[in-house]
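A short worksheet on the structure shown next.
In what follows, chains carry the letters A, B, and so on, assigned in the order in which the sequence lines appear, proteins first and then strands, with residues in each chain numbered from 1. The basis for the numbers below is simple: all heavy atoms, side chains too, and nothing from hydrogens, waters or symmetry mates.
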Amino acid sequence: MLHINKIRENKEAYIALLKVKNMDASILFDSVIALDDKRKSTQQKLDEILAKGNKLASQIGDFYKEGKAQEANILKEESSSVKDKSKVLQKKQSELEKKIQDILVQIPNVPHSSVPSGKSDADNITIKESGKIPTLMSGAKPHWELTSKYRLIDFELGTKITGAGFPVYTDRGARLQRALITYFLDKNIAAGYTEFLPPHLVSEASGFGTGNLPDKDGQMYHAKDDNLFLIPTAEVPVTNFFRDVIVKDFPIKCTAYTPCFRREAGSYGKDVRGLNRLHQFDKVEIVQIQHPDKSYKTLDSMVRHVSSILDELELPYRILQLCGGDLSFTSALTFDFEVYSAGQQKWLEVSSVSNFESFQANRLKLRYKDKDGKTSLCHTLNGSALALPRIYAALIENNQTPNGIKLPKALHSYVGFDIIK
RNA sequence: GGAGAGAUGGCAGAGUGGUCGAAUGCGGUGGUCUUGAAAACCAUUGUGCAGCAAUGUACCGGGGGUUCGAAUCCCUCUCUCUCCGCCA
């Protein structure tokens with residue numbers, strides 16, 4: 001959520017920038033500023049009336065102490081009428097506040113000035129390509145055939161016990177999954193992140209804190225009896241650690257492994273085969289809370305960090321800068337990582353690293369104190385490091401040989417074997 | 001699941017109708033002292049909104065009510081703790 005004062009200060013610039021997100025904000029901005037003007041003047045009137053009421057009340061108290069009941073009674077009447085007036089204004093005020101809030105939550109984050117315009121993912125800009133796209137042996141297979149050939153994942157068993165999109169990892173397949181989780185966490189810890197293992201269900205309040213509720217509630221699984229939601233990403237619990245917090249030292253760096261649960265309502269068709277799109281998958285997330293002056297440096301460092309992991313896994317990947325049309329509601333600047341999965345000859349998104357600036361922090365009331373003792377909103381950033389299923393898919397597809405699947409060196413000590421035969 | 005207790009500032013903890021935005025202690029910050037540090041002592045130390053400021057106003061878990069006046073009384077919701085039961 002944008003802060004009203006920032007909209008006031010940067011109105012024209014924001015309107016121009018939001019055009020990159022294919023949005024015309026001028027009418028919304030004008031109406032929200034007009035409402036806020038009204039809110040301010042109402043607040044002033046209300047404060048005056050309340051001040052009067054407070055004065056009267058204490059005068060009445062004094063009269064009683066002095067035993068002047070009659071004088072007190074006269075003031076009581078006056079006080080009552082003041083109270084009636086204040087009630088009217090208070091109601092008006094809270095209506096104004098609600099209207100303002102209703103508009104503000106509709107406005108997406110302002111994109112960073114470097115974000116290219118564009119309508120869809122087709123307009124994203126490739127800013128880096130790394131690694132060689134492998135030429136596979138003849139008869140190379142997509143991962144859903146490999147997982148069954150080497151008995152790594154049992155999709156049917158998952159369907160039997162739960163439903164489609166809930167795979168069962170078996171034997172070496174399970175060990176590979178667990179190894180990847182540990183490996184990613186270790187890489188993140190080595191980069192200075194502190195590991196957390198948060199709950200996998202969150203309250204409604206947390207859902208609001210990260211903006212998953214009320215807009216995207218159809219995407220989360222809901223345990224209705226207890227009104228808890230299964231997390232769609234570790235970002236939800238971890239970011240909510242910092243709800244109503246005043247930060248003392250920057251940066252705060254968190255990493256967390258969690259399973260992620262997504263209903264994926266409305267998505268169907270091509271991309272759902274194998275590991276490409278699941279209802280439950282594992283992901284290791286990185287989150288940073290940073291001073292506004294440093295958040296873009298931090299974003300770069302997070303991009304480099306994710307790159308270094310993919311380098312070490314010897315996976316070919318490319319980094320895309322998302323165009324305005326593909327940028328999420330909350331993000332100011334996002335880099336997507338895609339790995340090339342040679343068996344299906346496709347680029348698969350495995351990470352999305354974003355700077356949300358103060359957009360999330362405003363809703364969370366996540367602030368810091370500057371040197372003058374003023375409180376200001378922090379910047380929040382997050383990214384996947386990394387999402388497991390598509391990494392898994394690319395790893396086994398790209399490394400398939402006639403003799404089996406050869407795992408990259410970095411994983412040997414984690415998995416306990418170097419080839420899957 | 002049954003019974004009870006509670007929710008106050010960064011933390012601990014007083015306050016049961018009117019100088020309470022809130023005692024006191026701890027912690028934090030600044031200072032005095034010291035070669036330096038510790039100790040001691042002094043001062044300072046919540047957040048939002050409006051205002052250039054002075055200041056005003058709101059906030060004692062959330063919402064509602066009683067009253068001229070509520071942290072304090074009433075209703076309601078949420079959460080936490082203790083005991084019992086069940087249980088990984």
Side-chain angles (χ1 to χ4, degrees), chain A residues 1-9 32-105 197-209 213-214 222-229 237 240-250 252 289 358 360-378:
Chain A
M1 197 167 69
L2 292 176
H3 195 101
I4 180 72
N5 290 344
K6 287 208 171 157
I7 293 177
R8 285 177 177 279
E9 286 161 25
V32 81
I33 288 171
L35 284 167
D36 195 50
D37 287 338
K38 239 185 213 171
R39 193 204 103 242
K40 284 188 185 185
S41 62
T42 310
Q43 184 67 50
Q44 272 170 353
K45 279 184 215 157
L46 181 61
D47 280 359
E48 270 172 41
I49 286 174
L50 289 171
K52 200 172 167 189
N54 286 342
K55 218 176 232 172
L56 283 170
S58 79
Q59 276 172 0
I60 291 166
D62 290 341
F63 278 138
Y64 272 124
K65 271 183 205 155
E66 294 162 21
K68 297 177 182 168
Q70 236 171 2
E71 283 90 335
N73 282 330
I74 296 167
L75 289 187
K76 269 193 195 179
E77 269 178 47
E78 200 184 339
S79 182
S80 291
S81 81
V82 165
K83 196 195 171 188
D84 291 343
K85 270 189 214 162
S86 77
K87 275 207 167 159
V88 173
L89 277 177
Q90 232 146 20
K91 200 182 161 201
K92 191 177 166 192
Q93 186 70 345
S94 62
E95 280 168 6
L96 283 168
E97 280 166 6
K98 190 177 178 296
K99 276 186 195 166
I100 291 167
Q101 184 79 0
D102 286 349
I103 294 178
L104 287 177
V105 297
L197 189 66
H200 301 161
L201 284 93
V202 292
S203 66
E204 204 174 2
S206 293
F208 276 107
L213 291 171
H222 185 201
K224 284 204 178 69
D225 284 349
D226 299 289
N227 199 26
L228 295 173
F229 296 83
N240 272 286
F241 291 167
F242 304 100
R243 189 157 20 107
D244 294 315
V245 165
I246 294 183
V247 169
K248 293 235 169 82
D249 294 305
F250 290 115
I252 296 174
I289 318 286
S358 60
Q360 284 184 327
N362 187 32
R363 194 185 266 242
L364 291 164
K365 292 199 195 108
L366 166 55
R367 294 163 299 176
Y368 68 96
K369 260 188 198 172
D370 63 20
K371 286 167 199 155
D372 312 330
K374 271 191 184 171
T375 54
S376 313
L377 294 169
C378 301

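Residue Asn54(A) places no side-chain N or O under 4.0 Å from the OP1 or OP2 atom of G56(B). Listed pair Arg367(A) / U47(B) fails the phosphate criterion, with no side-chain N or O lying under 4.0 Å from OP1 or OP2. The phosphate of G28(B) (OP1 or OP2) has no side-chain N or O of Lys248(A) nearer than 4.0 angstrom. Contact annotation: Thr375(A) side-chain N/O to G48(B) OP1/OP2 distance is under 4.0 Å.
Between the CG atom of Asn5(A) and the P atom of A50(B) there is a distance of 6 Å, rounded to whole Å. Separating the CG atom of Asp244(A) from the P atom of G48(B) is a distance of 11 Å, rounded to the nearest angstrom. A straight line from NZ of Lys83(A) to C1' of A70(B) spans 11 Å, rounded to a whole angstrom. Following rounding to the nearest Å, Glu204(A) (CD) and C79(B) (P) show an atom-to-atom distance of 11 Å. Atom pair Leu50(A):CG and U57(B):P shows a separation of 8 Å (rounding to whole Å applied). Counting to the nearest Å, the C1' atom of C11(B) and the CD1 atom of Ile246(A) are 15 Å from each other. One can place CD of Gln90(A) at 13 Å from C1' of G64(B), the figure rounded to the nearest angstrom. Taking atom CG of residue Asn362(A) and atom C1' of nucleotide G48(B), one finds them 13 Å apart after rounding to whole Å.
At least one side-chain heavy atom of Ile7(A) sits less than 4.5 Å from a side-chain heavy atom of Leu104(A). In this structure, the side chains of Leu89(A) and Glu48(A) stay at 4.5 Å or more apart for every pair of heavy atoms.
Here, G17(B) and C87(B) have their C1' atoms 48 Å apart, quoted to the whole Å. Comparing the P positions of C77(B) and G4(B) gives an interatomic distance of 16 Å, to the nearest angstrom. G6(B) and C75(B) are spaced 14 Å apart, taking the P atom of each and rounding to whole Å. To the nearest whole angstrom, the two P atoms, one in U44(B) and one in G25(B), are 13 Å apart. The P atoms of C59(B) and U19(B) are separated by 14 Å, rounded to the nearest whole Å. To the nearest whole angstrom, the two P atoms, one in C26(B) and one in C42(B), are 11 Å apart. Going from the P atom of G61(B) to that of A14(B) covers 14 Å, rounded to whole Å. Straight-line distance between the C1' atoms of U76(B) and C52(B): roughly 45 Å, to the nearest whole Å.
Comparing C49(B), G56(B), C68(B) by their nearest atom to the side chain of Lys76(A) picks out C68(B). Listed nucleotides: U66(B), G51(B), U57(B). Nearest to the side chain of Lys40(A): G51(B). Each of G51(B), U57(B), G18(B) was ranked by its minimum atom distance to the side chain of Gln44(A); first place goes to G51(B).
Within the shown strands, A50(B) is the pairing partner of U55(B) under the Watson-Crick or G-U definition, both distances less than 3.5 Å. When both pairing distances are held under 3.5 Å, U67(B) makes no Watson-Crick or G-U pair with any nucleotide shown. For A12(B), the paired base is U24(B) (Watson-Crick or G-U wobble, both distances below 3.5 Å). Searching all strands for a Watson-Crick or G-U wobble partner of U82(B) with both distances below 3.5 Å returns A3(B). In this structure A43(B) sits in a base pair with U29(B), meeting the Watson-Crick or G-U test at under 3.5 Å. Pair assignment for A38(B): none, as no Watson-Crick or G-U wobble contacts are both less than 3.5 Å.
Within 4.0 Å of Ser80(A), counting heavy atoms only, lie sugar-phosphate atoms of the nucleic acid but no base atom. Here Lys369(A) lies in heavy-atom contact (under 4.0 Å) with sugar-phosphate atoms only.
Using modelled atom types, one side-chain atom of Thr42(A) and one backbone atom of Lys38(A) make a donor-acceptor pair closer than 3.5 Å.
The shortest heavy-atom contact between Leu377(A) and Ser358(A) is CB-CB, 3.7 Å. The minimum heavy-atom distance between Ala223(A) and Leu201(A), with the atom names listed, is CB-CD2, 4.3 Å. The minimum heavy-atom distance linking Ala361(A) with Cys378(A) is given by the pair CB-O, 3.1 Å.
Ring orientation note: the planes of Phe250(A) and Tyr368(A) are nearly perpendicular, at an angle over 60° on the 30°/60° scale.
Projected onto RNA chain B by closest heavy-atom contact, Lys55(A) and Gln43(A) fall at different nucleotides, the more 5' of which corresponds to Gln43(A). With RNA chain B read from its 5' end, the first of the two nearest nucleotides for Lys52(A) and Asp62(A) is the one closest to Asp62(A).
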